[in-house]
Each structure stands twice: as C-alpha cells, then as structure tokens.
Amino acid sequence: MAKFIFVTGGVTSSLGKGIIAASLAKLLQSRGLKVTIQKFDPYINVDPGTLNPYEHGECFVTDDGAETDLDLGHYERFLNIPTSQANNVTTGRIYQTVINKEREGAYLGKTVQVVPHITDEIKRRMMLLGNSGNFDIIITELGGTVGDIESLPFVEAVRQIQWELPEEDCLVVHLTLIPYLSAAKELKTKPTQHSVRLLSQEGVHPNVIVCRTEHPLNQELRKKIALFCNVKPDAVIEAMDASTIYEVPLKMLEEKLDIIVLKKLHINGYAAPELSKWNSFLNKLKHPKAKIKIGLIGKYVELQDAYKSILEAFVHAGAINQCKVQIVNIHSEHLAPENIDSKLEGLNGMLVAPGFGARGIEGKIAAVKYARENHIPFFGICLGMQMAVIEFARNVLGWSDAHSTEMNSNTSHPVIALMEEQKKIKNKGGTMRLGAYPCTLENGSLAHQIYESETISERHRHRWEFNNNFINDFISAGLIPSGINKEKNLVEIVELKNHPFFIGVQFHPELKSTVENPHPIFVHFLRAAMENAEKTATTVKDNSKKQTA
Ligand code: GLN
C-alpha cells in the first residue's frame, strides 16, 4: 500500500509548488523509494490543451497522449520517469466523469452533489496510482491557492483521505510565503498564519510548513511559525530563492525536509541519498567552459513558461557540454527580411519554436532562410520544422506561394497539409495527434548519428504534417526526410545536405529531456553551435590580424 503526501499552497500563486513537490520526490527517490507526483488542477477545462500559452504556459504531453500542466514536465525532468494520463486531473475531468455516470444511471434515484459524489471521484483519482502497486509514495500537488472557491472540493477530499487512512500513511505539506518588508527590515509571518488558519478551517491541518523567503529564517522566526501553525519547529522548512531550480532538492536536503517526511510516514530503513548524477550535473552547470548564443524564435517569447521544456532542455544539454547557453528571445512578429541581419547577427544557433496559427509565421520563415543561407546551426520543432519545409519550397524549389494549409488553404503548393484522420474532426479538445509514436531513421543521416539508433519514440502534438505529394521534389533538391513513421508513412524529420547542422522535427523532443538524460538532439545542436562560436572567434581573430598587418 502506498503512502500519500499532499502539497498545498497559500498566500499567493507562483510560489513553486511544482518544484518543491518535485524536489521532495527526488530526495525520497534518491533514498531508494519509488515515487510519483500527480497534479490536481481546479479549473473547469477538461485539460489544458485548449488554453493558450499566455493563460497557462506550455502544454506538456505525456507518452500516452495526455495534454497536461507544465508542472508534469518538472516531475519528469527531476525524477527521470514518465508520467501518464492519471498524473493530471482537473475539475473539468472530475465533473465530466460524474455527469457521464449520472446520465448512464449510475446514481439512479439520488441527488448528485459535490459531497459525496464529486469528492468521491476526486478521492478515487487521488488514490488511483497508489493502487497500481508501482509506487511507495504518491505526491499530489493541489493547484491554486488555499481559500480559492474552486479548490474547496479538493481540500475536502484531502481532509477525508486524511481521516480515512492510518495517520502514518498520509501527510500534508503547505507551501507559503514569508514576505520581507524592506522599510521595516523584517520578515513577516502573518500571511502564513492566516493561510494555515484558512486551511484548518477547511479541515486540513498541515504537518510541514515550507516557507518561501528571500532571507534566511532565524530560530526565533521558525519557532514563531511553528507555534502559530501548530507544528514542531523542525517541521518549518526554509525555502530560499535558488540560483537554479535544480539546486532546490539540495537545499531541501540541508533543511531535512525528506527526513521529517519519512519520520512522519513511519518509513524506516531508508538508504542514504544517492545524488551523485544530480551533483555532477549541477557541478557542470555551474562551471561552464564555453559560452554560446542561441536565438529562440517564437511568438510567445515574452512569456518564459510558454517554452518551459525547451528552455530546460537547453539547461540539461548545456551542462553536459559544459557550455553556458545564452538564450536570445526573438519575437517572430518583429522579424522581416529588412531587419533580419541586424536581429540575427552573432547567433551561434537558432531554434524555431512550435506554435499554432498565422501570427509571426513570415518572421519564422525569414529566420529559417537566414540560418540555411548563412550556415548557422538550425533546429526546428513542430511548427518550426513545418516552416523549414515551407522556406525550402519557396526559396530553393521556387514555389513562391508554398504554405501550410493551416495558414493558407488556397495555396497551389500545400507542402504542409492536414493529416487524413484530422479532416473529419470538429472538436478541438484532445483531438490532435498526441503522445508517443515510433519513427525509423535513415541510415547515415544526421538524425541517425544523433540518436545512434534506428528506431526512436518521440511525443507529438499537431494536426498538420509534411505533404508526401511533394516528397520527390524535396529529395532531388536536397531536403532529406530522414525520419519516417512507417505505419502511417509520415515524415517526422527533415534535414539538409551541405549544411553544418540543419534539422527539423515534427515531434517535441524537448518533452523527453531530463537532468539525467539530456535529449541527444539538443546535445548535438549545442555542439554544432559551439563549433560555430569557435569558427566565428577564429575568423574575427584572423580579420583583426589582417587589419593590423
Ligand atoms: N500548428 C501546427 C500543427 O498543428 C504545429 C503544432 C505545434 O507546433 N505543436 O500541425
């Protein structure tokens, strides 16, 4: 039987519950326990797939095709194990299940109510992974902030689980903020006291208080928080701002968060933490030997969370190459053939990001052209790959109106077209090509060199694809389809001959990059960018020598 840890948040949103949950999970895993993390979100969308990145940041996709909250990306990156459909549940999903059951007649004769029907369904889903026998500990992160109307049924479900389970099988960690008032030069505990009181009024008493703070908590303050929040002083954990999220597990280890949790859950005989891989990653991350500039060309660049997994994949790949990756955000809407040189000059590599819709498309195409012609390492993901195909069609094959039918349904060269099975689909939610699909790599291709394998599996989230009607023209002109999904005959990877590094992928490799397994395309792309940086440095040196001579 698994044990359950619930992580709630108080005072304000954006405190980093996901990172704290993932860090605790990492520490427990490092001591030999089998741990997974799940997130329960209080909004009414059935999943975040229909939300735009400005609302919700990136939509993370699991192997089994769930469109999920971006925190699941953190869980995978920290724990190095995949999550699934069961790891992310929303209010919408809960209500959908209960209402469907009501229509089937499962509650015949009864009034269907929040308590017990909605709370029962929440509890069933909260326990689901615990019943699988695969895990010792299930950590459940509750989205939202304590006191929100919409999170009430989730808190009530936690209360009931706490009441039903033996005391040592369940605990609640409450993450809160200790603000610093610079005028008074003081850390303030009152908001924390209030949020714990609010949680208690809803029937849940937290066992551990994790305090986000910009300044260290002294003993006196810890005692005060402990007294007012009714926990022992060792259950007050300081969570200071860290220079990287990957340092948080070590900070939590110092604070003994894992020990407190293990004690409360009566887990004995745990091993010493095995974090050698983690530490070696951090060490490399902190001591880079080279520095490069990568342009991230997208239309949501002002919002860091929109490209979360891509940014983290660069951190993983940068560390393994001992290279500091400076990401230069370039808004695709602001790019035009007239300003392209000045905007893209000095980059050692360019990544054209995924996306939907027409906004910023011409800027992305102009960026691909610049990378192709100037031999700058290029990496296109999903929409980025589609833009590479369109650019090649327009500027190499000479089909000036070539486009994707997503943006122009009347083009005479629809080089990117809707997948056959997508044509009949009307509903928007959960209907893309989602999740992991196999792909076969062409022997001797760049992709084959990168993956060192003939078949791979990568995660997808798209409706459009490379149009095979034009494949022979592309091949003759030098754009190579180097990865194919054999079952459906879909082009998943394209690359260019006679270019130092040019690859476009229809899938999302960033979703599978973890601290312990940086994604090979990111790793090789950065190597190509490092070579570009070295070459540029030598050319600059040679030129200045010539000038002085
Ligand atoms: N809009 C494109 C499609 O649906 C690309 C999607 C993406 O970049 N994730 O095919």
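Remember, it's 1-based here, ligands and their atoms both numbered in the order they're listed. Throughout, residue positions are numbered sequentially from 1 according to the sequence presented.
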Do the two ring centres, one from [X] and one from [Y], sit under 6.0 Å apart?
X	Y	result
F60	H74	no
H499	H375	yes
F474	F466	yes

Who's the nearest protein heavy-atom neighbour of [atom], and how far?
atom	answer
atom 10 (O) of ligand 1	W464 N, 2.8 Å
atom 4 (O) of ligand 1	R463 N, 3.0 Å
atom 1 (N) of ligand 1	E406 OE1, 2.7 Å
atom 5 (C) of ligand 1	G355 O, 3.3 Å

Exercise for the section: Using the six-membered ring wherever Trp is involved, compare the ring planes of H460 and Y437 and label them parallel, tilted or perpendicular (cut-offs 30° and 60°). Expected result: perpendicular

Handout entry: Close approach, Q386 and ligand 1, non-hydrogen under 4.0 angstrom
Key = yes

Handout entry: Proximity flag H508 to ligand 1, non-hydrogen atoms under 4.0 Å
Key = yes

Handout entry: Sub-4.5 Å side-chain heavy-atom contact between R527 and N321
Key = yes

Practice task
Please tell me if the side chains of W278 and K26 come closer than 4.5 Å, counting only heavy atoms from C-beta onward.
Solution key: yes

Problem - Among G380, C382, G298, A353, closest by any non-hydrogen atom to atom 7 (C) of ligand 1 - result: C382

Handout entry: Proximity of R461 to ligand 1 by residue part, where a heavy atom lies under 4.0 Å
Key = backbone

Exercise for the section: Could you tell me whether G357 and ligand 1 have an N or O pair separated by under 3.5 Å? Expected result: no

Handout entry: Under 4.0 Å to a heavy atom of F356 - the qualifying atoms of ligand 1, by number
Key = 1 (N), 4 (O), 6 (C), 7 (C), 9 (N)

Exercise for the section: Only one of M530, K324, Q322 passes side chain to side chain contact (heavy atoms under 4.5 Å, CB included) with K289; say which it is. Expected result: Q322

